[in-house]
Amino acid sequence: MAENFYVTTAIPYVNAKPHIGNAMDYMLGDTLARYHKSLGENVFFQVGTDEHGNKIALKAEEAGLEPQAYTDQMVPAFHVMLEALNVQYDAFIRTSNPEHKQVVQLIWQKLQPYIYKGTYEGLYCVGCEAFVTPKEAAANNGVCPIHNQPYQQLSEENYYLRLSEFSIQLKEAIETGTLDIQPIFRRHEILNLIEKGLEDISISRPKKHLSWGVPVPGDDSQVMYVWIDALANYITVLGYPDGENFKTFWPANVQIVGKDILRFHAAIWPAMLIGLGLPLPKQLLVHGFVNVGGTKMSKTIGNVVDPIEIVNSYGVDAFRYFFLRHIPTLDDGDFTWEKFEAAYNGELGNELGNLVQRIAAMITRYQQGAIGKITRAVHDANAYHEAMQQLRLNDAFGEVWNMVRQLNGYLEEVKPWKVAKENDEEHLQEILSYAAGSLTQIADLLAPFLPHTADAIKTCLGGETVQPIEGVLFPKIYQHTIDPRAPKVEPGQTPASQP
RNA sequence: GGCACCGUAGCUCAGCUGGUUAGAGCGUAGGACUCAUAAGCCUAAGGUCACUGGUUCAAGCCCAGUCGGUGCUACCA
């Protein structure tokens with residue numbers, strides 16, 4: 001019986017176009033999904049969008065649209081991104097989906113024992129129609145910077161979730177690894193937080209302050225605030241409570257989140273699940289952020305990198321290569337065009353692309369394309385699999401790359417071009433079929449990361465005869481770095497400006 | 001302030017429960033080769049392992065302190 005594997009990604013809020021963080025989520029999820037499929041497991045991979053809340057309502061109003069129409073218009077950009085990144089998901093959940101909302105209401109009802117009505121008191125800006133945190137209010141000296149008027153002390157009725165009641169169970173689950181949070185330092189962070197004692201959280205707003213959301217069942221005056229609505233997507237997408245997918249795939253094996261939303265997924269979400277009597281997800285993969293040249297990406301600085309732009313210039317596998325290999329899976333990473341292009345030309349092109357080419361060329365040239373009987377190469381993939389299980393995808397990728405390098409080294413060692421000159425056909429055939437077989441196996445391990453490339457390699461060298469690749473894999477691109485093939489520019493005698 | 005973490009070759013980082021000449025990739029400088037995308041391969045140079053003190057037969061790895069840097073410290077979706 002095949003094992004089941006369920007991987008989820010955080011659902012982005014649709015008030016802006018998808019960004020590199022979403023792309024990371026998608027690629028990590030896709031790679032894990034493909035990897036587990038390759039192990040013969042029965043995989044389900046969810047993606048989706050979070051669509052409720054005031055920010056959306058506001059944006060919609062600005063655009064002169066109904067909220068639903070506005071989100072309908074925003075969502076396609078996420079499909080475009082998924083397509084561009086060659087992400088094969090099984091379901092795309094939208095929180096504005098009627099079935100989702102219906103199940104969210106059911107969940108609310110099931111959580112009744114842990115929900116109570118309370119009063120939220122805080123500083124409120126009438127202009128913004130929103131509360132601000134004391135910290136924020138202090139930062140603004142008690143005056144709303146947008147509306148230039150002082151915050152008012154105000155109270156409103158909210159429903160609360162008794163998060164505090166779950167502290168001990170959550171702590172236990174995280175400490176014992178029932179809910180395994182990776183990396184370890186994130187686990188420590190969250191435990192630290194829980195040990196201080198969790199506070200109950202407000203989970204609804206008066207309708208007059210929040211119109212675009214899921215109505216609280218049995219109370220027309222209240223609308224659910226983000227938590228229950230958004231977090232529930234991970235099970236509504238499976239058809240909770242009675243759907244077959246739910247029965248098959250819950251609990252999730254891996255939930256992928258960014259470090260900014262760790263708390264919600266390590267506290268509120270598991271608390272909800274415990275409240276519903278459901279098992280917790282097994283692993284939480286907490287990835288970091290992608291910086292640019294050591295600086296946080298920001299619109300004001302203007303250093304935002306558009307994933308689509310990279311894909312269009314270098315191809316999807318080049319994009320996946322850099323972000324899956326050179327951005328640490330469990331920590332922050334750094335992007336620069338120079339690093340990216342160095343990885344593209346120096347690693348994808350020179351090491352892998354050229355390797356495919358040289359093997360294919362030799363077989364074509366010396367053996368008229370006949371690959372011959374493949375002797376199965378033995379690659380020790382233990383480190384690769386171990387890294388995958390531990391969610392260190394970048395390390396697993398690195399292991400594959402070691403094999404690529406070894407194969408280049410092997411060719412130098414046995415020198416098939418020399419063997420060809422000595423007319424030792426038998427030996428030559430042995431070497432080349434081994435190389436082709438070895439590379440084909442490398443392609444299998446590469447497939448979860450670089451699906452197109454793996455296919456191309458297998459098509460080229462996986463059969464009886466070489467099927468030449470049209471063009472080459474990863475042709476050189478020098479848009480941001482100096483082309484070493486270009487004629488040398490002499491330092492030139494700068495006019496003696498100095499005395 | 002509290003709790004964590006980090007400071008190892010020019011750059012990015014590995015260094016398992018302390019044990020011979022501290023490693024890799026990139027970059028740099030040489031070299032041999034020619035199947036290949038001016039690719040690939042080999043070799044070399046380069047490190048007071050932040051600093052100070054301590055434990056130990058022995059410390060990059062343990063302890064204390066100093067200096068420098070980072071993350072988290074709850075309703076932002």
Side-chain angles (χ1 to χ4, degrees), chain A residues 10-16 49-56 95 120 122 130-133 135-136 158 160-161 163 183-203 205 225-227 229-231 259-264 266-268 288-289 294 325-326 328 331-334 338-339 342-343 345-366 394-395 398 401-402 404-405 407-421 428 431-432 435 469 471-477 483-487:
Chain A
I11 52 172
Y13 202 50
V14 292
N15 65 338
T49 44
D50 178 19
E51 305 187 11
H52 291 131
N54 273 337
K55 283 193 183 170
I56 294 296
T95 57
Y120 183 85
F131 284 93
V132 296
T133 59
K135 198 164 56 180
E136 193 182 340
N158 283 183
Y160 280 79
L161 180 69
L163 197 57
I184 297 289
F185 69 92
R186 297 289 175 207
R187 175 190 310 186
H188 290 172
E189 276 178 18
I190 205 74
L191 279 174
N192 193 262
L193 200 71
I194 293 174
E195 271 163 32
K196 286 185 204 160
L198 295 169
E199 285 174 22
D200 293 347
I201 51 159
S202 151
I203 53 170
R205 295 286 185 272
Y225 186 57
V226 59
W227 315 123
D229 172 22
L231 291 166
K259 62 179 183 180
D260 53 328
I261 53 172
L262 165 63
R263 184 178 312 129
F264 314 131
I268 300 175
F289 290 160
R325 167 112 200 270
H326 291 297
D331 212 336
D332 288 355
D334 195 50
E338 290 75 18
K339 284 181 187 177
N345 289 318
E347 294 171 3
L348 278 174
N350 291 348
E351 295 185 315
L352 180 61
N354 180 57
L355 176 60
V356 177
Q357 193 73 2
R358 67 196 298 212
I359 291 172
M362 283 190 278
I363 294 173
T364 303
R365 182 159 153 183
Y366 301 142
N394 59 319
D395 286 339
W401 221 257
N402 286 339
V404 170
R405 287 179 172 159
L407 189 50
N408 267 319
Y410 168 78
L411 291 178
E412 296 297 332
E413 201 184 312
V414 297
K415 301 181 177 44
W417 49 92
K418 205 173 157 191
V419 177
K421 280 178 189 156
L428 181 63
I431 292 168
L432 294 179
I469 294 172
V472 293
L473 247 29
F474 311 113
K476 291 286 152 51
I477 301 176
D483 186 346
R485 301 166 304 182

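The model shown is predicted, which means the values in this text are computed figures rather than measured ones. Just so we're on the same page: letters track the sequence lines, and every chain starts at 1.
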Nucleotide nearest [X] (side chain, heavy atoms from C-beta), chosen from [options]:
| X | options | result |
| --- | --- | --- |
| W417(A) | G71(B), U34(B), C75(B) | U34(B) |
| S202(A) | C75(B), C33(B), A36(B) | C75(B) |
| Q357(A) | A36(B), C75(B), C35(B) | A36(B) |
| R205(A) | C35(B), C75(B), G40(B) | C75(B) |
| Y225(A) | C76(B), A36(B), U34(B) | C76(B) |
| R405(A) | G25(B), A74(B), A36(B) | G25(B) |

Checklist line | First encountered from the 5' end of RNA chain B, between I56(A) and N350(A) | finding: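 Of the two residues, N350(A) wins.
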
Note to self: Let's test your reading of the pairing rules: Watson-Crick or G-U wobble, both distances under 3.5 Å, then write RNA chain B as a dot-bracket string with ( ), [ ], | and dots.
What the structure shows: (((((((..((((.....[...)))).((((.........)))).....(((((..]....))))))))))))....

Over how many whole Å does the gap from [X] atom [atom1] to [N] atom [atom2] extend?
| X | N | atom1 | atom2 | answer |
| --- | --- | --- | --- | --- |
| D331(A) | G69(B) | CG | P | 19 Å |
| N354(A) | C33(B) | CG | P | 19 Å |
| E351(A) | C26(B) | CD | C1' | 10 Å |
| Y410(A) | C42(B) | OH | P | 16 Å |
| F289(A) | C76(B) | CZ | P | 16 Å |

Are the side chains of [X] and [Y] in touch, meaning some heavy atoms are under 4.5 Å apart?
| X | Y | result |
| --- | --- | --- |
| R358(A) | N408(A) | yes |
| L161(A) | W227(A) | no |
| I56(A) | H52(A) | no |

Integer angstrom distance from the [atom1] of [N] to that of [M]:
| N | M | atom1 | value |
| --- | --- | --- | --- |
| G47(B) | G54(B) | C1' | 25 Å |
| C11(B) | U28(B) | C1' | 12 Å |
| G18(B) | C41(B) | P | 37 Å |
| C35(B) | A39(B) | C1' | 11 Å |
| A64(B) | G25(B) | P | 36 Å |
| A24(B) | G46(B) | P | 14 Å |
| G15(B) | C76(B) | C1' | 40 Å |
| C49(B) | C13(B) | C1' | 14 Å |

Under 4.0 Å, heavy atoms only, any strand: does [X] hit a base, just the sugar-phosphate, or nothing?
| X | result |
| --- | --- |
| H326(A) | nothing |
| R325(A) | nothing |
| K55(A) | sugar-phosphate |
| G197(A) | base |
| L355(A) | nothing |
| G353(A) | base |
| D200(A) | base |
| L198(A) | base |
| E189(A) | sugar-phosphate |
| F474(A) | base |

Checklist line | D334(A) (side chain) donor-acceptor with G294(A) (main chain) under 3.5 angstrom | finding: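 A pair under 3.5 Å: yes.
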
Note to self: I'd like to know if the side chain of N394(A) reaches the main chain of H326(A), judged simply by a donor and an acceptor atom lying under 3.5 Å from each other, with no hydrogens or angles considered.
What the structure shows: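 No; zero donor-acceptor contacts below 3.5 Å.
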
Note to self: Please confirm whether the shortest side-chain N or O distance from R365(A) to OP1 or OP2 of C35(B) is below 4.0 Å.
What the structure shows: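 Yes, such a contact exists.
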
Next item on the list: Please report the closest heavy-atom contact between A230(A) and I11(A), naming both atoms and the distance.
Entry: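 So the minimum-distance heavy-atom pair works out to O-CD1, 3.7 Å.
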
Next item on the list: Could you please spell out the steps behind the salt bridge (charged side-chain N to carboxylate O under 4.0 Å, His left out) verdict for R325(A) and E347(A)?
Entry: CA-CA 11 Å; R325(A) 167 112 200 270; E347(A) 294 171 3; 3.5 Å; yes

Dump every N/O contact between nucleotides 1-8 of chain B and the protein below 3.5 Å, one line per pair.
unit_1 : atom_1 : unit_2  : atom_2 : d
C3(B)  : O2'    : N192(A) : ND2    : 2.8

Item checked: L348(A), N350(A), N345(A), N354(A) screened by side chain to side chain contact (heavy atoms under 4.5 Å, CB included) with F474(A), the one that passes ->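 Among L348(A), N350(A), N345(A), N354(A), the one meeting side chain to side chain contact (heavy atoms under 4.5 Å, CB included) with F474(A) is L348(A).
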
